[in-house]
Amino acid sequence: MLRYTIRRLIQLVGVVLVLSLLLFAWLRVLPGGPVSALLGERATPESREALTKQLGLDQPIFVQYFKFLGRAATGDFGVSTGVQPGDSALEIFLQRFPATLELSFFAILIAILVGVPLGYIAAKRRGSWFDNVSVVGSLIGVAVPVFFLAYVLKGVASSALGLPSSGRQDAIDATRVTGFFTLDGMITGEWDATLNALEHLILPAIALATIPFAVIFRITRAAVLDVLDEDFVRTAESKGLTAPVIRRRHVLRNAMLPVVTTIGLQTGALLSGAVLTEKVFSFSGVGEALAIGFERRDYPVLLLLIIMATIVYVVVNLLVDLSYALIDPRIRTR
């Protein structure tokens, strides 16, 4: 297991290097650029040339790339030219990643707590009205665009329920410790701040959870149906084992492998940046920074955020692979 983990981490380094080179080249060929974003439409040729030289954009792309690698090795990923002009790209990531992590955690938690039980019940009641309604609901969850649902929740549910529709927290005097607003309130004993942060999370978390919920539900239902048809389940029933024992020891444990894989993939995707949801709800996370970065051609921020999103995605999937050994003991012997 240790050897496998080390091998995967070495592969991660290779993936990051190749991706950084491709991203570096791709961002340089996009129309516009940081010079246009900073100077605007009234820029003179002289001012454009001076700023291009100041930013080092007049040098060959491979020279720019190797200079970037040298700075990145010391933690210097460049300075933002559009998202938060003047701030370092690393500082922007560290400020915004807790917001995305917090939102993603609650979104995937909703998806798991609703999707897994519903998938199991739908499989046990295959062909019933509950099964049919659940399947149709999951199809709607996949089909409805996230940004459309986000706007509906922001416009309708927010007014009807009185929930906040933008931002991470009201303008209250709250102590910042970790950057996770819900956790900070618990640490400092400011429970009003925690409740306020939770209220701001409800609508964006529901909007973000719809697609993961639908996918987790369908995979759970399909996996449980496959396991219910296995001989060892019928053998357990014939031995007189109780339903809770069969469900816990035989059905759910054997059906969890594809479900855990799906949860890992969905979690990695959410952590990589919920661009549309964060943009609609003005949730100051990585997704919103990516959207602003693309609008203003902020090369340093875009490069760092996409690379970090890739690292998060790969690490999450590595953790999922390692968790297989805990779920299925047979994998530990391979």
Side-chain angles (χ1 to χ4, degrees), residues 75 77 80 83-84 87-114 146 150 153-154 158 163-213 216 263-293 301 304-320 323:
F77 293 89
S80 171
V83 177
Q84 294 172 206
D87 291 347
S88 72
L90 183 59
E91 182 181 345
I92 292 173
F93 171 77
L94 294 177
Q95 287 175 354
R96 290 176 172 267
F97 185 65
T100 298
L101 184 58
E102 199 169 46
L103 176 59
S104 301
F105 171 78
F106 281 98
I108 201 67
L109 183 65
I110 292 172
I112 293 172
L113 293 180
V114 178
V146 173
L153 289 174
K154 184 175 182 177
S158 175
L163 293 172
S165 60
S166 64
R168 295 183 63 192
Q169 201 172 52
D170 291 337
I172 58 178
D173 186 16
T175 305
R176 301 283 178 253
V177 180
T178 64
F180 301 96
F181 287 4
T182 54
L183 182 60
D184 287 348
M186 297 178 187
I187 293 174
T188 59
E190 299 171 349
W191 295 102
D192 290 343
T194 296
L195 293 175
N196 187 263
L198 287 172
E199 289 177 354
H200 282 76
L201 277 168
I202 292 175
L203 295 183
I206 291 174
L208 194 59
T210 51
I211 292 179
F213 152 73
I216 291 171
I263 292 173
L265 292 173
Q266 294 298 317
T267 303
L270 294 180
L271 289 174
S272 299
V275 179
L276 295 175
T277 305
E278 291 185 2
K279 188 70 174 174
V280 171
F281 289 99
S282 301
F283 207 84
S284 55
V286 171
E288 187 187 47
L290 279 172
I292 298 173
V301 171
L304 176 61
L305 293 186
I306 295 175
I307 289 174
M308 294 306 295
T310 303
I311 293 174
V312 168
Y313 193 87
V314 174
V315 170
V316 167
N317 281 276
L318 172 60
L319 295 176
V320 170
S323 70

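Looking only at distances, no side-chain donor or acceptor of Gln169 sits under 3.5 Å from a matching main-chain atom of Phe181. Not one N or O on the side chain of Ser282 forms a donor-acceptor pair closer than 3.5 Å with the backbone of Ser166. Within the 3.5 Å criterion, the main-chain N or O of Ala89 finds no donor-acceptor partner in the side chain of Ser80. Between the side chain of Thr100 and the main chain of Val286, a donor-acceptor pair closer than 3.5 Å is present. No donor-acceptor pair under 3.5 Å is formed between the side chain of Asp184 and the backbone N or O of Arg176.
Between the side chains of Gln84 and Gln95, at least one donor-acceptor pair of N or O atoms lies under 3.5 Å.
Atom-to-atom distance recorded for Asn196:CG and Glu190:CD is 11.5 Å, nearest 0.5 angstrom. Atom CZ of Phe283 and atom CG of Leu103 lie 5.0 Å apart (nearest 0.5 Å). Note: Leu113 CG to Ile108 CD1 = 10.0 Å, rounded to the nearest 0.5 Å. Taken from CG in Leu94 to CG in Asp87, the straight-line distance is 11.5 Å, to the nearest 0.5 Å. Separation of atoms CD (Gln266) and CD1 (Ile216) is listed at 6.0 Å; rounding is to 0.5 Å. Here the CZ-OG1 distance, from Arg168 to Thr182, works out to 8.0 Å after rounding to the nearest 0.5 Å.
For the side chain to side chain contact (heavy atoms under 4.5 Å, CB included) test, residues two or more places apart in sequence or in another chain that qualify with Ile206 are Ile110, Leu153, Ile202. Residues forming a ring-ring contact (aromatic ring centres under 6.0 Å, His included) with Phe180 (at least two apart in sequence, or on another chain): none. Phe97 is linked by a ring-ring contact (aromatic ring centres under 6.0 Å, His included) to Phe93, counting only residues two or more places apart in sequence or in another chain. Residues satisfying the salt bridge (charged side-chain N to carboxylate O under 4.0 Å, His left out) test with Lys279, not counting sequence neighbours, are Glu295. Contacts of Thr210 classified as side-chain hydrogen bond (donor to acceptor under 3.5 Å, both in side chains), with partners at least two apart in sequence or in another chain: none. Not a single side-chain hydrogen bond (donor to acceptor under 3.5 Å, both in side chains) links Ser284 to another residue, sequence neighbours left out.
Looking at Ile263, Leu265, Leu270 one by one, the single match for side-chain contact (heavy atoms from CB on, under 4.5 Å) with Thr267 turns out to be Ile263.
Between Val280 and Ala150, the closest heavy-atom pair is CG1-CB, 3.8 Å.
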